[in-house]
There are 2 protein chains.
Amino acid sequence: MQDQTDRLTRALRAAGVRITRQRAVLLDVLAETEDHPDAVELHRRAEPRVPGLSLSTVYRTLSALEEQGVIQRHQFEGAPARFERAESAHHDHMIDVETGEVVEFRSDRIEELQARIATELGYEIVHHRMELYVRKRRG
Amino acid sequence: MQDQTDRLTRALRAAGVRITRQRAVLLDVLAETEDHPDAVELHRRAEPRVPGLSLSTVYRTLSALEEQGVIQRHQFEGAPARFERAESAHHDHMIDVETGEVVEFRSDRIEELQARIATELGYEIVHHRMELYVRKRRG
DNA sequence: ATGCAGTTGCAAGTCATTTGCAACAAAAAT
DNA sequence: ATTTTTGTTGCAAATGACTTGCAACTGCAT
Ligand SMILES: [Mn+2]
Ligand SMILES: [Mn+2]
Ligand SMILES: [Zn+2]
Ligand SMILES: [Zn+2]
C-alpha cells in the first residue's frame with residue numbers, strides 16, 4: 001500500500017504534477033474512499049489534515065488527477081460531480097433516487113451489445129455512460 | 001396534426017397550464033423539431049414568431065412541458081440540456097464527440113438486461129440513461 | 001542551497017438555469 | 001360581454017458548481 005502510493009506519486013511527478021501537501025492528503029483521502037464523494041465532501045474529509053485547504057485546490061487537484069487517469073468523474077443527474085479511483089475495472093452505476101446511494105455493477109453482455117450497436121451504425125465508442133436510477137423494491 | 005395539437009393543448013389546459021402565445025409557438029417549434037435542440041436554440045427558432053420572447057420563458061415552458069410529460073430533457077456530457085418530444089417510444093442516444101450530432105437507437109436486449117440486473121440487486125428501475133459517446137469509424 | 005516552473009488561497013468570473021416581482025393576459029365565472 | 005381569478009411574462013438579480021487571474025508560495029531537478 002505504501003509502495004502503491006509511492007509508485008503513483010512517482011508517476012505523477014514524472015508527468016510534471018507536483019505532489020504538494022494538499023495533493024498528498026487528497027490522494028490519501030481518495031485511497032481510503034469506498035464511496036463516490038463529491039468535491040465538497042472530499043474537501044470536508046481532507047481539510048482537517050491540511051488546515052486552510054481551499055475548495056478551489058480540491059477542484060484543481062481533482063481535474064489534474066482525472067487528466068492523469070488516476071480518478072474518474074461521474075456526473076449523475078441533478079447533483080454535483082462525484083469521484084472515485086480509476087484503478088478498478090470498468091463498471092456502471094445504479095443510483096438510489098431516494099438516498100443517493102450508488103451501487104456498482106457490470107454486465108459484459110451489455111458492453112458487448114453497446115459495441116455491436118455502435119459498429120453497426122458506423123461508429124466506434126469513445127466512452128459511454130449507463131446509469132440506472134432505482135428505488136429499493138419493497139415487499 | 002391540427003387535432004393532435006388541439007388534444008395536447010386541451011390536456012395541458014386541463015392540467016392548469018395556460019396556452020399563451022409564447023407557449024403555443026414553442027409547442028409548434030417542438031412539433032417541427034427533428035433534432036435535439038437546447039434552450040437557446042429553441043429560443044432562436046421561436047423568437048421570430050413571438051418577438052420579445054425571453055429566454056426565461058423558454059426555460060420555464062420547457063420545465064412545465066417536461067413536468068407534463070410532453071417533452072424529455074437530456075443532459076449530455078459537458079453541454080446544456082437538450083430537448084425532444086416525449087411522444088416517441090423510449091430510446092437511447094449516441095453522441096458524436098466530434099460534431100455533437102445525436103443518433104438514436106434502441107436495444108430491447110439491453111433494456112431487458114438492465115431490468116434483470118436491478119431486480120437481482122433488489123431494486124426497481126425508475127428511469128435510466130445510457131449514452132454512447134462515439135466517433136465515426138473511418139476506414 | 002538555488003532557481004524556476006508548477007501550485008495555492010482568495011476574490012472575482014463564468015455558464016446554464018432559476019427566481020422575485022410587478023405588469024399582464026388566459027380562462028373562468030358572472 | 002365584462003369582470004374576476006390566477007397563471008404567465010420580461011427583466012433583473014440570484015444560484016450552484018465550478019473555473020480562473022493573480023501575487024505569494026513551494027516542490028524538486030540540478
Ligand atoms: Mn464506481
Ligand atoms: Mn432522442
Ligand atoms: Zn459500461
Ligand atoms: Zn434505454
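All heavy atoms count here, side chains included; hydrogens, waters and symmetry mates do not. Computed from a predicted structure; not experimentally measured. We name chains A, B, ... by the order of the sequence lines, and we start the count at 1 in each one.
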J.: For C/dT17, does either OP1 or OP2 sit under 4.0 Å from a side-chain N or O belonging to B/Y59?
T.: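 Affirmative; the distance criterion is met.
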
J.: Whole angstroms only, please: what is the CG-P distance between B/L27 and D/dT8?
T.: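 In whole Å, D/dT8 P and B/L27 CG are 12 Å from each other.
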
J.: Between B/L42 (CG) and C/dT17 (C1'), how many Å, whole number?
T.: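 So the two atoms are 14 Å apart, to the nearest Å.
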
J.: Taking N and O atoms by type only, does the side chain of A/R23 place a donor or acceptor under 3.5 Å from a partner on the base of C/dT7?
T.: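 Such a pair does not exist between side chain and base.
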
J.: Does any N or O donor sit under 3.5 Å from an N or O acceptor when you compare the side chain of A/R18 with the base of C/dA5?
T.: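 Donor-acceptor pair under 3.5 Å: yes.
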
J.: Hey, is the main chain of B/I19 close enough, under 3.5 Å, to the side chain of B/R13 for a donor-acceptor pair?
T.: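 Between the backbone of B/I19 and the side chain of B/R13 there is no qualifying donor-acceptor contact (under 3.5 Å).
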
J.: Starting from C1' on D/dT19, measure out to CD on A/E67 and report it in whole angstrom.
T.: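 From A/E67 CD to D/dT19 C1': 14 Å.
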
J.: Quick check against the 3.5 Å criterion: does A/R106 have a side-chain atom that pairs as donor or acceptor with the backbone of A/H90?
T.: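 Yes, the answer is positive, given that a donor and an acceptor are paired below the 3.5 Å cut-off.
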
J.: Grab the NE2-P distance between A/H43 and D/dG16 for me, whole Å please.
T.: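 One finds 18 Å between P of D/dG16 and NE2 of A/H43, rounded.
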
J.: Using a 4.0 Å heavy-atom cut-off across all strands, classify B/T20 as base, sugar-phosphate, or nothing.
T.: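 B/T20: backbone/sugar contact only, no base atoms under 4.0 Å.
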
J.: In whole angstrom, give the distance that lies between atom CG of A/L62 and atom P of D/dT19.
T.: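 From A/L62 CG to D/dT19 P: 9 Å.
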
J.: Which nucleotide sits closest to the side chain of B/S56: C/dA16, D/dC11, C/dA27?
T.: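 So the side chain of B/S56 is nearest to D/dC11.
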
J.: Salt bridge or not between A/R116 and A/E120? Use side-chain N to carboxylate O under 4.0 Å.
T.: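 No salt bridge links A/R116 with A/E120.
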
J.: Closer than 4.0 Å, any side-chain N/O of B/Q75 to the OP1 or OP2 of C/dA16?
T.: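 No, no such contact exists.
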
J.: So, are A/R49 and A/E32 salt-bridged, with charged N and O less than 4.0 Å apart?
T.: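 Looking at A/R49 and A/E32, the cut-off is met.
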
J.: Between A/V58 and B/I19, name the one whose nearest nucleotide on DNA chain C is closer to the 5' end.
T.: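 Between the two, 5'-proximity favours A/V58.
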
J.: How close or far is atom C1' of C/dC24 from atom CZ of B/R21, stated in whole angstroms?
T.: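 So the CZ-C1' distance, B/R21 to C/dC24, works out to 16 Å.
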
J.: Check A/E124 with B/R137, please: is the shortest side-chain N to carboxylate O separation under 4.0 Å?
T.: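 Answer for the salt bridge query: no.
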
J.: When we call it a touch if two heavy atoms are under 4.0 Å apart, what does B/V17 touch: a base, just sugar-phosphate, or nothing?
T.: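 It contacts sugar-phosphate atoms only.
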
J.: Let me know which of B/R82, B/H36, B/E84 forms a side-chain hydrogen bond (donor to acceptor under 3.5 Å, both in side chains) with B/H74.
T.: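 Option passing the side-chain hydrogen bond (donor to acceptor under 3.5 Å, both in side chains) with B/H74: B/E84.
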
J.: Rounded to whole angstrom units, what separation is found between the CD atom of B/Q68 and the C1' atom of D/dG7?
T.: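 So the CD-C1' distance, B/Q68 to D/dG7, works out to 13 Å.
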
J.: Take B/G16 and B/R60, find for each the nucleotide of DNA chain D with the closest heavy atom, and name the residue whose nucleotide sits nearer the 5' end.
T.: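 The answer here is B/G16.
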
J.: Give one of base, sugar-phosphate or nothing for B/L53, where a contact means two heavy atoms less than 4.0 Å apart.
T.: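 Sugar-phosphate contact only - B/L53 comes under 4.0 Å of backbone atoms but never of a base.
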
J.: Nearest of C/dG9, D/dA17, D/dT9 to any side-chain atom of A/P80?
T.: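 Closest of the options to the side chain of A/P80: D/dA17.
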
J.: Can you tell me which nucleotide in D/dC28, C/dT8, C/dT17 comes closest to the side chain of A/T57?
T.: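 Taking heavy atoms from C-beta onward, the closest nucleotide is C/dT8.
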
J.: Tell me whether the side-chain N/O atoms of A/Q22 come closer than 4.0 Å to OP1 or OP2 in C/dG9.
T.: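 For C/dG9, OP1 or OP2 has a side-chain N or O of A/Q22 closer than 4.0 Å.
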
J.: Give one of base, sugar-phosphate or nothing for B/A81, where a contact means two heavy atoms less than 4.0 Å apart.
T.: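 Answer is sugar-phosphate: B/A81 comes under 4.0 Å of backbone atoms only.
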
J.: Take atom CD of B/E77 and atom P of D/dC18, then tell me their distance rounded to the nearest Å.
T.: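 About 13 Å, once rounded to whole Å.
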
